[in-house]
Amino acid sequence: MAETLAREAPPGSAGPPGDGQASQRTLIWRRFRRHRVAMVSLGVLAVAYLLAIFSPFVTPSSAGAYNADYAYAPPQRVHVLDDGELGFYVYGYRSETDPVSLARSFTVDESRKIPLGFFVRGETYSLFGIESDVHLFGPQRAGDPFYLVGANSQGQDVFSRTLHAARISMSVGLVGVFLSFVLGVLIGGISGFFAGRVDTVIQRVIEFIIAVPAIPLWMGLSAALPPEWSTLQIYFGITIILSLIGWTGLARVVRGQFLSLREEEFTLAARLDGVGRLRIIVRHLLPSCAGYIIAALTLAVPGMILGETTLSFLGLGMQPPAVSWGVLLQEGQNLRALSSAPWLLFPGLAVVLVVLAFNFLGDGLRDAADPYER
């Protein structure tokens, strides 16, 4: 009897791949591919992470490059045809200063063309330990002004800094979710598998953490970081803080799944066969709810990204000269950013795009992992 039950597949599986039926993984992938928005979001995130990883090569300038002569320079329009032939270029700037307010304004100087090209020479950078000065796209003459989405108060390229900042903001989400995964699966698994008093104590702790307002808690923990820490130490400090707070949602998901699976016949059969508790959790329970865990992790990444952005925006996270989306958005707090330089809010557009893509991807994974979906 026990041996027969032990051979039964966990809920949601479709039997061994060799018996004419598809495996659970194959079924999930088939259902996921039918979710068009999730597939598009997966492509968007893949492109976003590639741009972040190779940002020194993709961007025309480094994160720290500046030219005060072009402070608050507006975006330049890229022209594709040059005298009827294919050729990328932008027009230069003509700077004018108001004699009364001394405010500088820029107009298009159509008498000056700045040719653009692919694989151009520019600033030297290091990528994976390799020194190079080749950039994917930029001005053919190094030093010519090229601001695709405008410049900030110091004449720094907002587009280049946004892609450089993605390396920190988007990696915080992945590293933080990994730590949350370990805590959530461990604590949620213990809570759901043992139930009883252990479950009661763990759930009260989770409810207490959830009841504490997130932003004040982040602010308090971030303020406790030593001010003399380096940028790298602050980065890992923020990641750990976000992980210590963000594991509760995943723990509840795992706990709910374990409570329902611990009474299933395949689990009871494993107990009757004398299988240890750790082996039951690792070999039977976790694979049965892997789809739900993956979906929950995907939906948790946007929270991590928004958490880092919020802390840095409030001045409690990453600090200049480090660049993250929150640090860049600090430049958009003044009235001028909303009136005459709205392009300073471009990093906010990147945050919205990535967070929406993760949410749509998580929705697709959650629907694909649902055993009752067809």
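No experiment lies behind these values; they were computed from the predicted model shown. One-based numbering along the sequence shown.
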Spell out, as yes or no, whether a donor-acceptor pair under 3.5 Å connects the side chain of [X] to the backbone of [Y].
{"X": "Tyr72", "Y": "Gln154", "value": "no"}
{"X": "His164", "Y": "Ser61", "value": "yes"}
{"X": "Gln257", "Y": "Val254", "value": "no"}
{"X": "Gln156", "Y": "Ala151", "value": "no"}

Sorted by first residue and then second, give each side-chain hydrogen bond (donor to acceptor under 3.5 Å, both in side chains) pair with at least one member in residues 235-249; sequence neighbours left out.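 Residue pairs passing side-chain hydrogen bond (donor to acceptor under 3.5 Å, both in side chains), neighbours aside: Ser171-Tyr235.
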Scan residues 299-308 for pairs that pass side-chain hydrogen bond (donor to acceptor under 3.5 Å, both in side chains), counting only residues two or more places apart or in two chains.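 Residue pairs with at least one partner in residues 299-308: Ser169-Glu308, Glu308-Ser312, Glu308-Ser324.
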Determine which pairs satisfy salt bridge (Lys or Arg N to Asp or Glu O under 4.0 Å) with at least one residue from [range], sequence neighbours left out, and list them in order.
{"range": "residues 180-203", "answer": "Asp199-Arg255"}
{"range": "residues 120-129", "answer": "Arg121-Asp133"}
{"range": "residues 43-60", "answer": "none"}

Provide the closest heavy-atom pair for Pro347 versus Leu328 in the form atom of the first, atom of the second, distance.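 Answer, listing the atom of Pro347 first, then Leu328: CG-CB, 3.6 Å.
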Using 30° and 60° as the class boundaries, would you call the ring planes of Phe346 and Phe159 parallel, tilted or perpendicular?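 Phe346 and Phe159: tilted rings.
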Distance-only side-chain donor-acceptor flag, Ser153 / Glu331, under 3.5 Å: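 No, no side-chain donor-acceptor contact under 3.5 Å.
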Could you identify which residues cluster with [X], counting Ile, Leu, Val, Met, Phe, Trp and Tyr as linked when any side-chain heavy atoms lie under 4.5 Å apart, either directly or through a chain of such contacts?
{"X": "Val120", "answer": "none"}
{"X": "Val37", "answer": "Val352, Leu356, Phe360"}
{"X": "Val44", "answer": "Val40, Leu353"}

Mind checking what makes salt bridge (Lys or Arg N to Asp or Glu O under 4.0 Å) contact with [X], not counting sequence neighbours?
{"X": "Arg204", "result": "Glu207"}
{"X": "Arg112", "result": "Asp144"}
{"X": "Arg167", "result": "none"}

Ring pair (Phe, Tyr, Trp, His ring centres under 6.0 Å) partners for Tyr93, two or more places apart: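 With sequence neighbours excluded, Tyr93 shows a ring pair (Phe, Tyr, Trp, His ring centres under 6.0 Å) to Tyr70, Phe106, given in chain and number order.
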